[in-house]
Amino acid sequence: MQYGTMADPEAGAARSYFERCDVMLFDPQADSRHKTTNVLNNLGFRNIFDARDMAVAADASLSDKYDLIIADAGGAKSSICDMVHGLRQSNFPENPFVGIILTTCSPTPENIRRAMNSGSDHVLSQPFSQDQIRARINAVVDERKPFVVTLEYVGPDRRKGGMRVSEIELIRVPN
């Protein structure tokens with residue numbers, strides 16, 4: 001995905017671009033999935049694949065067609081976090097750099113850490129507002145962090161400015 005933010009004067013063009021993006025949405029809770037779909041529709045997304053259970057989400061993640069994945073990370077033992085980790089490690093699709101936003105209705109430090117360590121671009125607590133999800137999507141589109149690639153972790157560089165002293169090369173990811 002690559003285009004201006006929704007706050008830009010070109011927001012209409014961004015909205016038009018979002019209409020052409022393919023999104024996979026995984027949330028086992030029908031109510032939450034429906035709310036997220038409505039928010040995405042309001043932002044201009046039209047091609048939303050509804051993955052109602054983990055098996056469907058895992059099969060869909062094998063596809064290279066998605067521009068964005070939004071998934072409920074569930075609890076600390078979340079299979080979706082394992083799926084994201086495998087996706088980032090290139091165990092599944094051809095595009096390990098797909099934008100990924102994980103959500104959780106249980107934002108404990110352990111759950112947030114597991115979701116972030118999976119390699120997701122962002123983690124968002126549920127319930128969330130349209131502005132919050134828009135900000136995360138815009139960050140994936142316009143402010144994507146370079147990726148760190150190690151044997152254990154592939155994902156956005158989460159180190160703070162002064163903590164970047166490392167031999168690990170950062171990779172600019174294609175949007």
Side-chain angles (χ1 to χ4, degrees), residues 1 6 18 21-45 47-63 66-93 95-145 147-160 163 173:
M1 287 192 309
M6 295 297 286
F18 288 163
C21 289
D22 291 309
V23 178
M24 182 184 78
L25 173 61
F26 166 71
D27 193 323
Q29 301 298 320
D31 210 30
S32 179
R33 197 171 55 247
H34 180 71
K35 288 176 186 175
T36 303
T37 298
N38 285 340
V39 166
L40 292 172
N41 284 159
N42 289 341
L43 293 174
F45 291 93
N47 304 323
I48 303 168
F49 175 73
D50 188 352
R52 297 167 188 256
D53 62 46
M54 189 59 217
V56 172
D59 284 345
S61 73
L62 297 173
S63 166
Y66 298 104
D67 300 298
L68 179 65
I69 295 173
I70 299 175
D72 175 48
K77 305 287 188 216
S78 171
S79 300
I80 203 75
C81 290
D82 293 335
M83 185 193 84
V84 170
H85 183 264
L87 192 149
R88 291 292 193 226
Q89 295 284 341
S90 294
N91 294 342
F92 303 123
N95 179 14
F97 302 117
V98 61
I100 300 173
I101 299 171
L102 294 181
T103 64
T104 181
C105 59
S106 179
T108 65
E110 182 182 6
N111 291 349
I112 297 294
R113 188 172 21 264
R114 179 159 169 81
M116 291 180 72
N117 289 341
S118 71
S120 68
D121 288 280
H122 296 279
V123 180
L124 187 60
S125 295
Q126 291 184 26
F128 51 82
S129 70
Q130 183 168 311
D131 288 340
Q132 289 172 313
I133 193 75
R134 177 189 307 140
R136 296 325 184 282
I137 292 169
N138 284 338
V140 170
V141 173
D142 295 326
E143 302 162 11
R144 193 97 187 258
K145 293 178 181 177
F147 270 36
V148 172
V149 178
T150 69
L151 290 175
E152 292 88 29
Y153 176 78
V154 176
D157 182 13
R158 300 194 194 286
R159 297 171 291 180
K160 301 295 180 199
M163 303 290 289
V173 296

I'd like to know if the side chain of Asp53 and the backbone of Ala57 have a donor-acceptor N/O pair within less than 3.5 Å. no
Determine the interplanar angle of the Tyr66 and Phe49 rings, folded into 0 to 90°, and report it as parallel if under 30°, tilted if 30 to 60°, perpendicular if over 60°. tilted
The reported gap from OG in Ser118 to CD1 in Ile80 (rounded to nearest 0.5 angstrom) is 9.0 Å
* To do: Please check if the side chain of His122 supplies one atom and the backbone of Thr103 the other of a donor-acceptor pair under 3.5 Å.
  => no
Nearest heavy-atom approach of Arg158 to Tyr153 is NE-OH, 3.6 Å
Here the pair of heavy atoms bringing Glu152 nearest to His85 is O-NE2, 3.0 Å
Quick one: does any side-chain atom of Thr36 pair with a main-chain N or O of Arg33 as donor and acceptor, under 3.5 Å? no
**OP:** Check step by step if side chain to side chain contact (heavy atoms under 4.5 Å, CB included) holds for Leu124 and Gln132.
**Re:** CA-CA 8 Å; Leu124 187 60; Gln132 289 172 313; 4.1 Å; yes
_So Phe147 and Val154, do their side chains get closer than 4.5 Å, heavy atoms only?_
yes
With side chain to side chain contact (heavy atoms under 4.5 Å, CB included) as the criterion, how do Asn138 and Glu143 come out once you've worked through the C-alpha distance, each side chain's angles and the decisive distance to 0.1 Å? CA-CA 7 Å; Asn138 284 338; Glu143 302 162 11; over 6 Å; no
What one should report as the nearest heavy-atom pair of Ser106 and Asn111 is O-ND2, 2.7 Å
With heavy-atom distances below 4.5 Å as the criterion, would you say the side chains of Leu40 and Ile137 are in contact? yes
Please check this pair: side chain of Asp22 against backbone of Asp67, looking for a donor-acceptor N/O pair closer than 3.5 Å.
no
Using only atom types and a distance under 3.5 Å, with no angle test, would you say the side chain of Arg136 pairs donor to acceptor with the backbone of Asp131? no
*Between the side chain of Asp121 and the main-chain N/O of Ile101, is any donor-acceptor distance below 3.5 Å?*
no
In this structure, CE of Met83 is separated from CZ of Arg88 (nearest 0.5 Å) by 10.0 Å
When rounded to the nearest 0.5 Å, the distance separating CZ of Phe128 from NZ of Lys35 is 10.0 Å
Here the pair of heavy atoms bringing Val123 nearest to Ser120 is CG2-OG, 3.7 Å
So OG1 of Thr37 and CG of Asn42: to nearest 0.5 Å the spacing works out to 11.0 Å
Between Arg114 and Asp82, is there a side-chain N and carboxylate O pair less than 4.0 Å apart?
-> yes
What's the verdict on side chain to side chain contact (heavy atoms under 4.5 Å, CB included) for Ile70 and Ile48, showing C-alpha distance, side-chain angles and the deciding distance? CA-CA 10 Å; Ile70 299 175; Ile48 303 168; over 6 Å; no
Here the pair of heavy atoms bringing Asp72 nearest to Pro28 is OD2-CD, 3.7 Å
Exam field: side chain Asp27 to backbone Ser32, donor-acceptor pair closer than 3.5 Å: no
Value for CZ (Phe45) from CG (Leu68), rounded to nearest 0.5 Å, stands at 6.0 Å
When rounded to the nearest 0.5 Å, the distance separating NZ of Lys145 from CG of Asp157 is 8.0 Å
